[in-house]
Participant: 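Mind having a look at this structure? Questions to follow.
Note that ligands are numbered from 1 as they come in the structure, with each ligand's atoms numbered from 1 the same way. In this chain, numbering begins with 1 at the start of the sequence shown.
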Amino acid sequence: MPAQKIIKKWRIFQPIHFVLGLLIVLTITLLLWQHYGMNLYLRLDPGNFKKVSVSDDRDDKGGKSTGLLSSTPNYWRLDCQLEEGHRSPYCSINLDLSNGTKGINLSRYTEITVHYRYQNPREQVNLIMMNFNPKYSVENDYHSQKFTEIYLPGAMGWSTHTIKWHQFNVASWWIADNKIPPEWADNEFSNIREIRFATGLYPKKTNHQIDLAYIELSGKWINNNTLQLLLLLLWGGSAAFWLIAELRRAMQALQRSNIRQIDLENARQHLQETNQLLTERGMRDPLTLALNREGLSVLLADELPGTLLSIIFIDVDHFKKINDTFGHNTGDQVLCLLARHIQQQIRPSEKLVRLGGEEFILLCQHTDLSQAEQLAEKLRLWLFNQNWPAQITLSCSFGVAERQKDESFEDALHRADLALYRAKAAGRNRLEIAI
Ligand SMILES: Nc1nc2c(ncn2[C@@H]2O[C@H](COP(=O)(O)OP(=O)(O)OP(=O)(O)O)[C@@H](O)[C@H]2O)c(=O)[nH]1
């Protein structure tokens, strides 16, 4: 298969697929490893452990029992002569796990196995774990160490018992003697200094022989609970990481899409404005920005047919003279200003149109002849009193007409033009009403 095809095939996998695969493999590996491996193991027997001693109740007040320890390659033997005297006569084999003042943390082990024989099935043996904790223990007082114990049956011949930590109990006499509060009365195996294998409770006051072959402790480097927590953290952490990454990616995509939308909206608005400007420019005279003839025809088609309409024809007096005297540029400035001054005085519904040269008309909707006449007169005075470039004294003549019923716009305009002509003829700077 060509390399490109292989790359294409793998592209359908995303990083999440690889991470998921890795997590699954890691989880299965850890579970299998924990189940079949990760073994924690400690064996104490006469072959490998020498810190063994014997104790009996003569150590305590009133005790008279005597214990004797002997050792063979295969087991330790306790010969114990129990006597009345101590409140609970005993002898015990003591396995010293301490290293100086430090014990061993056995809580990582999950179970303990003892192999022993005590051929009196009516008696019990007492397996005791002695934990040192400065909260309640003091040095050189072995009674102050926590006695966590279990009683095992005597047996005909060698027998083996495997016990879990939760099957042990803290000795009630120890709690009572040391006045231990409940919060310290739980099983504790974190600092075991000594394991004792002793005679049981209320034994016959006679000779007892107990053989202890070995004590084995087994567990896992990582116990079930820790492994479950570890896996939970691994999966939970990965899921949280993935979620945060996805959320960030989604937010960034949203942000990009918002920006794109704003850009699009801006472009659309710009286009709309440009279109409007282009359309308007086509309808307006570029010098004065008044509507041109194109604008007039749009206006006539869209707004003006049929409405009450008056036309004010406006023409600058002796404009040619202005051009000739002050130049064409000044003439242009005058035309510009004229349109601006008129726009200042009219309503939005009143439209100024430049017909050409210095000729303008003002279309006044919903305005009758007398209102138009008033407006024309106001404009005439207004324009006459403005300051013009080069101190020009400027005047305009006006012809006013109201469109009659059934009269065309052109005819009304013609009549306004005739009125204007009369105003010019009558001396300019005045207005005439169309007949
Ligand atoms: N500066 C300038 N002059 C223009 C423009 N269009 C037309 N004209 C000039 O306007 C003048 C109009 O002159 P006439 O038609 O004789 O009118 P008038 O001089 O105003 O005289 P009356 O209207 O009789 O008062 C001409 O000289 C044109 O060249 C323009 O856009 N700019």
Participant: Report, in ascending order of atom number, the atoms of ligand 1 lying under 4.0 Å from any heavy atom of Gly331.
Facilitator: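 Matching atoms, with element in brackets: 1 (N).
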Participant: Atom CD of residue position Glu139 - does it have more than 12 heavy atoms of other residues, nucleotides or ligands inside 6.0 Å?
Facilitator: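 Check passes, neighbour count above 12.
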Participant: What part of Asp332 sits under 4.0 Å from ligand 1 if we count only heavy atoms: the side chain, the backbone, both or neither?
Facilitator: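 Both the backbone and the side chain of Asp332 come within reach of ligand 1.
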Participant: Would you mind listing which atoms of ligand 1 come within a distance below 4.0 Å of any non-hydrogen atom of Asp315?
Facilitator: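 What qualifies from ligand 1 is 23 (O).
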Participant: Tell me the nearest of Gly356, Cys336, Gly357 to atom 7 (C) of ligand 1, using heavy-atom distances.
Facilitator: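 Looking at heavy atoms only, the winner is Gly357.
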Participant: Taking atom types as modelled, is there a side-chain donor on Ser397 or Asp317 under 3.5 Å from an acceptor on the other?
Facilitator: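 Ser397 vs Asp317: donor-acceptor pair found between side chains.
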Participant: Check whether any N or O atom of Lys321, backbone or side chain, sits under 3.5 Å from an N or O atom of ligand 1, and answer yes or no.
Facilitator: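 Checking ligand 1 against Lys321, no N or O pair falls under 3.5 Å apart.
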Participant: Can any side-chain N or O of Asn191 pair as donor or acceptor with the backbone N or O of Phe132 at less than 3.5 Å?
Facilitator: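 Answer holds: yes.
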Participant: Can Glu359 be said to touch ligand 1, with heavy atoms closer than 4.0 Å?
Facilitator: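 Flag not set, Glu359 not near ligand 1.
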Participant: Can you list the steps and then say if Asn187 with Thr148 is a side-chain hydrogen bond (donor to acceptor under 3.5 Å, both in side chains)?
Facilitator: CA-CA 6 Å; Asn187 290 359; Thr148 308; 4.8 Å; no
Participant: Parallel, tilted or perpendicular: which one describes the rings of Phe189 and Trp165, with boundaries at 30° and 60°?
Facilitator: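 The arrangement is parallel - the two ring planes meet at less than 30°.
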Participant: Should you measure from each heavy atom of Val316, which atoms of ligand 1 turn up under 4.0 Å away?
Facilitator: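 Heavy-atom distances to Val316 below 4.0 Å select 20 (O), 23 (O), 25 (O).
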Participant: Check each atom of ligand 1 against the heavy atoms of Asp317 and keep those under 4.0 Å away; list them by number with element.
Facilitator: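 In order of numbering, the contacting atoms are 25 (O).
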Participant: Going by the atom numbers of ligand 1, which of them fall below 4.0 Å from some non-hydrogen atom of Leu335?
Facilitator: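 Counting atoms of ligand 1 from 1, those under 4.0 Å from Leu335 are 30 (C), 31 (O), 32 (N).
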Participant: Identify, by atom number and element, the atoms of ligand 1 in contact range of Arg354, meaning under 4.0 Å from any of its heavy atoms.
Facilitator: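 Those of ligand 1 that fall under 4.0 Å from Arg354 are 5 (C), 6 (N), 30 (C), 31 (O).
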Participant: side-chain hydrogen bond (donor to acceptor under 3.5 Å, both in side chains) for Ser92 and Ser55? Distances and angles first, verdict last.
Facilitator: CA-CA 5 Å; Ser92 73; Ser55 64; 3.0 Å; yes
Participant: Who gets closest to atom 17 (O) of ligand 1 by heavy atom: Glu358, His318, Lys320?
Facilitator: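 It is Glu358 that holds the nearest heavy atom.
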Participant: Report the C-alpha distance between Trp173 and Ser88 in whole Å, list the side-chain angles of each, state the deciding distance to 0.1 Å, and finish with yes or no for side-chain hydrogen bond (donor to acceptor under 3.5 Å, both in side chains).
Facilitator: CA-CA 11 Å; Trp173 64 264; Ser88 175; over 6 Å; no
